[in-house]
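Okay, so here's the structure we're looking at.
Chain letters run A, B, ... following the sequence lines, proteins first and then strands; every chain starts at 1.
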2 protein chains.
Amino acid sequence: MASFRDIKEDILARISAREWAPGDLIPNEAELAERYGSARSTVNRALRELAEAGLLERRRRAGTRVARRNWRGAFFEIPLVRAEVEGSGRRYGYHLIERREEGAGPEAAARLELPAGAPVLFLRCLHFADGLPHQLETRWINRSEVPGAAAMPFEAEGPNEWLVREVPWSSSEHVFSAAMPDAEERRLLGMEAGEPLFVLERRTWSATATITWARLAHPGARFRMVSRTDPTG
Amino acid sequence: MASFRDIKEDILARISAREWAPGDLIPNEAELAERYGSARSTVNRALRELAEAGLLERRRRAGTRVARRNWRGAFFEIPLVRAEVEGSGRRYGYHLIERREEGAGPEAAARLELPAGAPVLFLRCLHFADGLPHQLETRWINRSEVPGAAAMPFEAEGPNEWLVREVPWSSSEHVFSAAMPDAEERRLLGMEAGEPLFVLERRTWSATATITWARLAHPGARFRMVSRTDPTG
DNA sequence: ACCCTTTTTATGTCTACACATATTTACCGG
DNA sequence: CCGGTAAATATGTGTAGACATAAAAAGGGT
């Protein structure tokens, strides 16, 4: 009797060995169930999970085939700066540069999808790794959506850590890019002339509204973002 | 009678509304099954999928609780250049700059985890969007692992597209960074002085060996990588 | 050939039940 | 009070069977 894990493994092996090549139709659930000596439900779970992982494509009546393009993407852990720094064995440091409660200006309004003048909290802070500037964080928080933020000084703890812990969110957007720092950014991050920035912009939404927008800028010479993937899960 | 989708949705709503807060124990499967008027298997599937998505934590005998940290990461589609360019409504163009079959030098050997002198294929090519240089691709392919590559001129089609279609792989690594272009890169990509590069390095493995290493460099002023995520799936 | 309807078929989902397994809780002897 | 063992319990997985649903295939009339 084969478990759904055994079945997944066996099918994966056949795909790897090209016994079933991309585009090929594989036997239907009933037949596989007989082969493996299992119930159809068990085979169904194995096939469903492989399809969710992107290795198979399934359509009612048309059957199950090996996915043509084996390319789905990559899963990136977006760690908290603190965890990222400490995880690589360096000492983490934090410093609040600026904190302002204000009405949204045109930029903040656009980023947070709010009307101009809506109450926002503006923050700017620096994160250090072994005493060296590692990330410059510029952030707006929607005060209507996150009332608790008004009471937080953010002097000992960064807003990212606090938000992740305290505020439930339901979706997010990340934009990666490379840019040149302006004079102030270069000064704050202690960068050489001609050194680029690696920039990550992140927007986070609750079920109903934008919670926060952040721009996380790293000195290009000292930062690489790595991800490893295994398509089978 | 509630379907497993209805149940997921309802539980998600309760989590969003903080009726069940992070860390809270939620009712067990049997009780939920009774509430929703469904079988325990149905509830089990809903809870299992929410746990896989990272919203719940489940342990035998200990029960199911709302996950404490709602932060998992983000899934990035890493599209083929062609698909990325055409998907945004621009015209795609390709040009092969250089193709050499050779023994691995020290850099190629290190990238591909091969002994020096092992047979490799070196490629350099440009991808265009609406006639403007969009990506400079520098690549080594392990000829032992991909024998078919020797017969490919890569004059009409880029190696990435061909590899994704023809070669099965099992895992990959991506490294993002920002860098300054050298004089040749600046010339090939038609970049302004002082403009940074957005660089993606990708290594791909089969079950047994490294298949290929690629460095994909984009002009920073013209490239942003975007990803949207919904933790519920 | 064509368009429309019916049949067939593979997957999608659900049920009720059973047994396995990991953990906690309760109990008991010292 | 401690430590070891047994019972209780929530989840994990499996079975057989049923009906739903999407989509391909077959058939029928023009």
Subject >> Test of ring centre spacing under 6.0 Å for Phe128(B) and His134(B) >> reply: no

Original post:
Is the Phe75(A)-Phe76(B) ring centre distance short of 6.0 angstrom?
Top reply: no

Subject >> Member of His95(A), Glu137(A), Gln135(A) meeting the side chain to side chain contact (heavy atoms under 4.5 Å, CB included) criterion with Cys125(A) >> reply: Glu137(A)

Original post:
Nearest nucleotide by nearest heavy atom, which residue falls closer to the 5' end of DNA chain C, Asn44(A) or Ala62(A)?
Top reply: Ala62(A)

**OP:** Starting from the 5' end of DNA chain D, give me the residue, Arg58(B) or Ser41(A), whose nearest nucleotide shows up first.
**Re:** Arg58(B)

**OP:** Compare side-chain N and O positions of Thr64(B) against OP1 and OP2 of dA10(D) and report whether any pair is under 4.0 Å apart.
**Re:** no

Original post:
Cationic tip of Arg14(A) within the cone over Trp20(A)'s six-membered ring, i.e. under 6.0 Å and within 45° of the normal?
Top reply: yes

**OP:** Check whether any side-chain N or O of Arg5(A) sits under 4.0 Å from OP1 or OP2 of dT13(D), and answer yes or no.
**Re:** yes

Original post:
Counting any heavy atom closer than 4.0 Å, what does Arg40(A) reach on the DNA or RNA strands: base, sugar-phosphate only, or nothing?
Top reply: base

**OP:** Rounded to the nearest angstrom, tell me the gap between atom OH in Tyr36(B) and atom C1' in dT13(C).
**Re:** 18 Å

**OP:** Measure from the side-chain heavy atoms of Arg60(B) and tell me the nearest of dT11(C), dA10(C), dA22(C).
**Re:** dA22(C)

**OP:** Using only side-chain N and O atoms of Arg61(B), determine if any of them is under 4.0 Å from OP1 or OP2 of dG12(D).
**Re:** no

**OP:** Would you classify Arg65(B) as touching base, sugar-phosphate or nothing, given that sugar-phosphate means primed atoms plus P, OP1 and OP2, and contacts are heavy atoms under 4.0 Å?
**Re:** nothing

